[in-house]
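What follows is a short report on a single structure.
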Amino acid sequence: MLQISNNVIIPDNEIEISAIRSQGAGGQNVNKVATAIHLRFDINASSLPDYYKNRLLKLKDSRITQDGIIIIKSQEYRSQLKNKEDAFARLKELIKSAMVIKKKRKPTKPTKSSQKKRVDSKKKRSQVKNNRKKVVDE
């Protein structure tokens, strides 16, 4: 059972976990023991509220397939239990990140004084450059 928030819980039967062999270097342990965890979670078939499902399906995340299945592979640790905990934590973090609503940005206008300062500084700079020109006698 994975608890996302106070009132949202995912039962264990909705999360499919399989142990596979880890990739990369590691000697004999890698060749004998299946320590990596492959976690699959079907968003559409889950008991999550519809609001959660819609937000998750709209996410542009490489871990979510077009069919709405979240696939997480955890092989960071040498122990299967730690990798399983890591996979659950990453699933929980992904679901929580979908629920964060970003504030809309209010476009602001520059103040009158800041506009005046900008124009004055441009005029001053222009005057400095004009003073560098050669003086032509007529």
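Treat the numbers as computed from the prediction; the structure is a model and nothing was measured.
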* Any side-chain heavy-atom pair from Leu39 and Glu16 closer than 4.5 angstrom? -> no

* Asked: Do Phe41 and Leu91 have side-chain heavy atoms sitting under 4.5 Å apart?
  -> yes

Please list every donor-acceptor pair under 3.5 Å in which a side-chain atom of residues 99-107 meets a protein atom from a residue at least two apart or in another chain.
none

* To do: Answer yes or no: is there a side-chain heavy-atom contact under 4.5 Å between Phe88 and Ile37?
  => no

* Cluster link Ile15 to Leu94, ILVMFWY, side chain under 4.5 Å -> yes

* Please, which pairs that meet side chain to side chain donor-acceptor pair (under 3.5 Å) have at least one residue in residues 38-47, sequence neighbours excluded? -> Glu14-Ser47

* Residues in side chain to side chain contact (heavy atoms under 4.5 Å, CB included) contact with Gln75, at least two apart in sequence or another chain -> Ser22, Gln23, Ala36, Lys73

* Indicate if Ile69 and Ile17 have the same hydrophobic cluster label, given that clusters are the connected sets of ILVMFWY residues with side-chain heavy-atom separations under 4.5 angstrom. => no

* Return each pair, listed once, that meets salt bridge (Lys or Arg N to Asp or Glu O under 4.0 Å) where at least one residue sits in residues 88-101; pairs must be two or more places apart or across chains. => Asp86-Arg90

* Asked: For residues 49-63, which residue pairs qualify under side chain to side chain donor-acceptor pair (under 3.5 Å), counting only residues two or more places apart or in two chains?
  -> Tyr51-Arg55, Asp61-Arg63

* **Euclidean distance, Ile43 CD1 relative to Leu57 CG, rounded to 0.5 Å** => 4.5 Å

* Asked: Got Ile71 and Ile64 here, is their nearest side-chain heavy-atom distance under 4.5 Å?
  -> no

* Asked: Roughly how far apart are Ile20 CD1 and Ser74 OG, rounded to 0.5 Å?
  -> 10.0 Å

* To do: List the atom of Ala34, the atom of Ala19, and the distance in Å for their closest heavy-atom pair.
  => O-CB, 3.8 Å

* With sequence neighbours excluded, give me every salt bridge (Lys or Arg N to Asp or Glu O under 4.0 Å) pair touching residues 120-133. => Lys116-Asp120

